[in-house]
Amino acid sequence: MNARSLRPADLLTDTGKSQLQAVYEVKLERKRVEFLLERGTAMALALERWSRGGLWVISRGDAEFPKRLKRQLKHGAPPLLYGAGKKELLDMGGLAIIGSRDATTDALDFTREVAAKCAQEGVGVVSGGARGVDAAAMQGSTEAGGYTIGTWPLTS
C-alpha cells in the first residue's frame with residue numbers, strides 16, 4: 001500500500017476500498033484484508049466510546065507517542081499505550097519508584113518523603129500504583145503538588 005501512498009486509515013474510505021481491489025499480492029488475500037478492515041471499524045467505534053469516557057490510546061506511529069520511549073526502546077517500544085489524563089506527561093519523564101506491596105510503615109513513610117521531595121524539585125513519579133510502596137509514592141507526590149504517571153505491566 002505504500003507504493004500507492006495509502007495509509008491504513010485510507011482503506012476505510014470508499015476510495016481506499018476501490019484501490020484495494022486493484023492490489024494483488026501473493027501473500028495478501030483480499031478477503032482477509034476486507035475482514036480485518038471490518039474489524040477496524042468496530043475498533044474505531046470502541047475507541048470513540050473510550051475517548052468519550054476520558055480514556056486515550058496512542059500508537060507508536062502517533063505524533064504524541066513519547067519520543068523518549070521510542071528513542072530508548074526503538075522497535076521494542078510497545079505498539080500501543082492506553083491511559084487517562086494528560087498525555088504530555090509521558091514525555092516529561094520522572095523517577096520510577098516501585099517496591100513491595102507488604103512494606104513496613106517506616107518504608108512507606110520514607111517512600112512518601114522521597115516522592116514529596118521529587119514533587120518539590122519538579123520531578124514526576126512513575127509507578128505502578130499497586131498497594132504498598134507504589135501507592136505511597138504516588139500519594140506522596142500528589143499530596144505535595146507533583147505529578148505522577150501510573151503504569152501497568154505489558155504482557156506479550
Side-chain angles (χ1 to χ4, degrees), residues 1-2 5-13 16 27-29 32-156:
M1 299 314 301
N2 285 343
S5 300
L6 291 175
R7 297 179 47 218
D10 296 332
L11 296 175
L12 298 174
T13 67
K27 296 180 182 177
L28 188 65
E29 294 179 35
R32 176 75 175 145
V33 172
E34 289 171 351
F35 169 77
L36 292 172
L37 289 173
E38 287 173 16
R39 290 185 63 199
T41 301
M43 175 60 86
L45 293 171
L47 289 172
E48 179 62 30
R49 258 192 334 270
W50 296 346
S51 179
R52 285 193 306 267
L55 303 174
W56 47 259
V57 179
I58 53 177
S59 75
R60 267 192 307 235
D62 290 334
E64 30 191 16
F65 194 89
K67 289 158 192 54
R68 182 185 304 219
L69 197 57
K70 271 190 193 177
R71 188 174 53 249
Q72 293 292 322
L73 299 179
K74 297 185 179 22
H75 294 295
L80 296 173
L81 294 176
Y82 302 82
K86 299 178 182 178
K87 289 181 264 189
E88 58 272 13
L89 293 178
L90 296 173
D91 251 337
M92 294 180 68
L95 177 69
I97 302 177
I98 56 171
S100 175
R101 292 180 181 186
D102 298 317
T104 65
T105 302
D106 287 343
L108 296 176
D109 289 343
F110 177 76
T111 300
R112 279 189 280 278
E113 288 175 28
V114 169
K117 184 65 175 167
C118 285
Q120 293 164 4
E121 298 294 324
V123 175
V125 168
V126 181
S127 194
R131 76 176 160 83
V133 169
D134 293 27
M138 295 176 90
Q139 178 186 23
S141 175
T142 303
E143 287 177 353
Y147 69 92
T148 62
I149 300 171
T151 64
W152 293 270
L154 296 174
T155 57
S156 51

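As a basis for the values below, the full set of heavy atoms in this structure was taken, side chains included, without hydrogen atoms, waters or symmetry mates. Predicted model only: the values in this text are computed from it and were never measured.
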If I compare all heavy atoms of [X] with all of [Y], which pair ends up nearest, and what's the gap?
X    : Y    : value
A63  : K67  : O-NZ, 3.2 Å
A137 : A115 : O-CB, 3.1 Å
G99  : D134 : N-OD1, 3.1 Å
L108 : V133 : CD2-N, 3.6 Å
G128 : I98  : N-CG2, 4.4 Å

Any side-chain heavy-atom pair of [X] and [Y] under 4.5 Å:
X    : Y    : value
P66  : L81  : yes
S141 : V123 : no
T111 : I97  : yes

For this session: Output, in order, the C-alpha distance, side-chain angles, deciding distance and verdict of side chain to side chain contact (heavy atoms under 4.5 Å, CB included) for V114 and F110.
Result: CA-CA 6 Å; V114 169; F110 177 76; 3.6 Å; yes

Problem set entry | For E64, all residues meeting salt bridge (Lys or Arg N to Asp or Glu O under 4.0 Å), sequence neighbours excluded |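 E64: salt bridge (Lys or Arg N to Asp or Glu O under 4.0 Å) contacts with K87.
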
With rounding to the nearest 0.5 Å, note down the distance linking [atom1] in [X] to [atom2] in [Y].
X    : Y    : atom1 : atom2 : value
L90  : W56  : CG    : CH2   : 4.5 Å
K70  : D91  : NZ    : CG    : 10.0 Å
Y147 : M92  : OH    : CE    : 4.0 Å
Y82  : L47  : OH    : CG    : 8.0 Å
I149 : M138 : CD1   : CE    : 9.0 Å

Problem set entry | Inter- and intrachain pairs under salt bridge (charged side-chain N to carboxylate O under 4.0 Å, His left out), touching residues 108-128, at least two apart |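 Listed by first then second residue: D109-R112, K117-E121.
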
